[in-house]
Amino acid sequence: MDVLQFVHEVDDEGIRGTYLITDEAQDFDVTKYGGAAGADITQALLNAWKDACAATGTAQVIIPKGTYTLNEVKFLGPCKGQINFRIEGVVQAPADPSAFKSDAWVVFETITGLTVFGGGTFDGQGQQAWKANDCSLHFDTCRLLPTNVRFNFITNGVIHDITSLNSKMFNLFLFGGNNVTFQHVTVTAPENSLNTDGIHVGRSTGVKILDTTIGTGDDCVSAGDGTKDLTVSKVTCGPGHGISIGSLGKYDNEEPVVGVHVSDCTLTNTANGVRIKTWPNSKPGSASDISFIGIVMNNVSNPIILDQNYCPHAICDKQPSRVKVSGVKFENIHGTSATQECVIISCSPAVPCENVEIGEINLVYNGPLGPGNSTCLNVKPTFTGHQGSTYLR
């Protein structure tokens, strides 16, 4: 069967184009392995994957249209050739969190040349899990609920035209990736679903998140330690907690964050806008070469926030953060703020921020408290262009 694969060309100026290549693939349809709509396809899908992974050339695992149940599953490489995972139907996770032995429902691991696509949906059925999530009360000891789809150690991957629905915790999680693109992805979960980050990237290089729509109960996009060369462009976010780098500095031996560039995104009714967050009394670390450019805010709380005293549970040590933040640009950010404090740049007194540039900011607060304002601590930013009347130097 002919398979269309999306290939993206991106340079320092942004996205230059998307084109298609056609390849002849061997098909491994789950229904040919005994899988059927309305039934559990776990073993049939694993058998299809095993044969596809062993095939030379391009192999394609297919889940046709229909609704299926799927238990916890791991698709392991390395595979002999390019492998495409075509999900056209809806797969549903067990609703009961106790059915899981690990912290992920669907895992793709150690694969070079992976494409996941097809217009289908990974439905985590997270409603029961959200009620049991006690991480806001016991964040150091709470059980980690399963991520919908986790990508571990993927090289040359493309994930496009899929939906992650109602994950129990993180929706899509990339760890140890190299040259991986997410495009035309939809993430949907209600605003009250705790810890359901849309797309999380950690210890990965050369990642692109493009033309994607995310509404969830936590960060729409989050970049953890070791993220290098991440492009986020044309993402629509809301509800959620914004587009975030961090939180950083909580654990030993965290790797630097270098080169995160967010552009042409729209955020609506989110709890934060564009954000960098590090823990107080943190382990040493660094984040550098970061830009947020061309961002539209629609009734967003804390539209611009660099917070080096991030303490979501209000029981943190008051010692300053030791994560060094440098080379940060906020430019052409405009719209409306739901909070009077439109811009917060709160850096660490132990390692003050360096080379922070603020240009062309126009954020309007229309609330009852008066005009919008800003806070700058332990930083000497450079101002370029025009800052709107709501932003006070």
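Counting begins at 1 with the first residue of the sequence.
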Considering only residues two or more places apart or on different chains, which pairs with a residue in residues 106-130 satisfy salt bridge (Lys or Arg N to Asp or Glu O under 4.0 Å)?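 Qualifying pairs, neighbours excluded: Lys74-Glu109.
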Do [X] and [Y] come close enough that some side-chain heavy atom pair is under 4.5 Å?
| X | Y | value |
| --- | --- | --- |
| Asp103 | Phe170 | no |
| Val379 | Ser346 | no |
| Tyr33 | Asp51 | yes |

Does any N or O in the side chain of [X] come within less than 3.5 Å of the main-chain N or O of [Y], such that one atom is a donor and the other an acceptor?
| X | Y | answer |
| --- | --- | --- |
| Gln82 | Gly113 | yes |
| Gln340 | Gly367 | no |
| Ser348 | Ala350 | yes |
| Asn84 | Arg86 | no |
| Lys277 | Asn309 | no |
| Ser193 | Glu191 | no |
| Thr212 | Val235 | no |
| Gln183 | Leu210 | no |
| Ser204 | Thr227 | no |
| Thr147 | Ala104 | no |

Do the side chains of Lys283 and Asp252 get close enough for a salt bridge, i.e. N-O under 4.0 angstrom?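 Asp252 and Lys283: salt-bridged.
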Salt-bridge test for Lys32 and Asp27: reply yes if a basic N is under 4.0 Å from a carboxylate O, no otherwise.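 Looking at Asp27 together with Lys32, the answer is no, because their closest N to O distance does not fall below 4.0 Å.
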Would you say the side chains of [X] and [Y] form a donor-acceptor pair under 3.5 Å?
| X | Y | result |
| --- | --- | --- |
| Ser167 | Thr196 | no |
| Asp225 | Tyr251 | no |
| Thr278 | Gln308 | yes |
| Asn355 | Glu357 | no |
| Glu360 | Asn332 | no |

Pair His261-Asp289, side chain to side chain contact (heavy atoms under 4.5 Å, CB included): steps then yes or no: CA-CA 8 Å; His261 302 291; Asp289 185 20; 3.2 Å; yes
Path from [X] to [Y] over hydrophobic side-chain contacts below 4.5 Å:
| X | Y | value |
| --- | --- | --- |
| Leu230 | Ile276 | yes |
| Ile305 | Val328 | no |
| Val61 | Val73 | yes |
| Met169 | Ile199 | no |
| Val274 | Phe383 | yes |

Out of Thr181, Val201, Ile243, which residue meets the side chain to side chain contact (heavy atoms under 4.5 Å, CB included) rule with Ile209?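 Of the listed residues Thr181, Val201, Ile243, the side chain to side chain contact (heavy atoms under 4.5 Å, CB included) partner of Ile209 is Val201.
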Please say which of Phe122, Phe175, Phe151 ends up in a ring pair (Phe, Tyr, Trp, His ring centres under 6.0 Å) with Phe108.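 Result for ring pair (Phe, Tyr, Trp, His ring centres under 6.0 Å) with Phe108: Phe151.
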Under the disulfide (SG to SG under 2.5 Å) test, residues paired with Cys353 that sit two or more places apart: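 So Cys353 forms a disulfide (SG to SG under 2.5 Å) with Cys347.
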Report the distance from atom CH2 of Trp105 to atom CD of Gln92, rounding to the nearest 0.5 Å.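 Answer for the CH2-CD pair, Trp105 versus Gln92, is 8.0 Å.
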Quick check for you: to the nearest 0.5 Å, what is the distance between Phe182 atom CZ and His160 atom NE2?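 Here the rounded value is 12.5 Å.
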Can you give me the closest heavy-atom contact between [X] and [Y], atom names plus distance?
| X | Y | value |
| --- | --- | --- |
| Pro280 | Cys316 | CG-CB, 3.7 Å |
| Val323 | Val351 | O-CG2, 3.5 Å |
| Asp40 | Leu70 | OD1-CA, 4.3 Å |
| Ile162 | Gly118 | CG2-N, 4.4 Å |
| Ala93 | Phe100 | CB-CZ, 4.1 Å |
| Thr270 | Gly238 | CG2-CA, 3.7 Å |

I would like to know whether Arg150 and Leu172 meet side chain to side chain contact (heavy atoms under 4.5 Å, CB included); could you show each step before the answer? CA-CA 6 Å; Arg150 184 166 175 128; Leu172 305 176; over 6 Å; no
As a quick check of understanding, evaluate side chain to side chain contact (heavy atoms under 4.5 Å, CB included) for Leu145 and Asn195, giving each step before the final call. CA-CA 9 Å; Leu145 294 166; Asn195 307 119; over 6 Å; no
Where do Ser244 and Ser222 land on the side chain to side chain donor-acceptor pair (under 3.5 Å) test, with the steps shown first? CA-CA 5 Å; Ser244 298; Ser222 56; over 6 Å; no
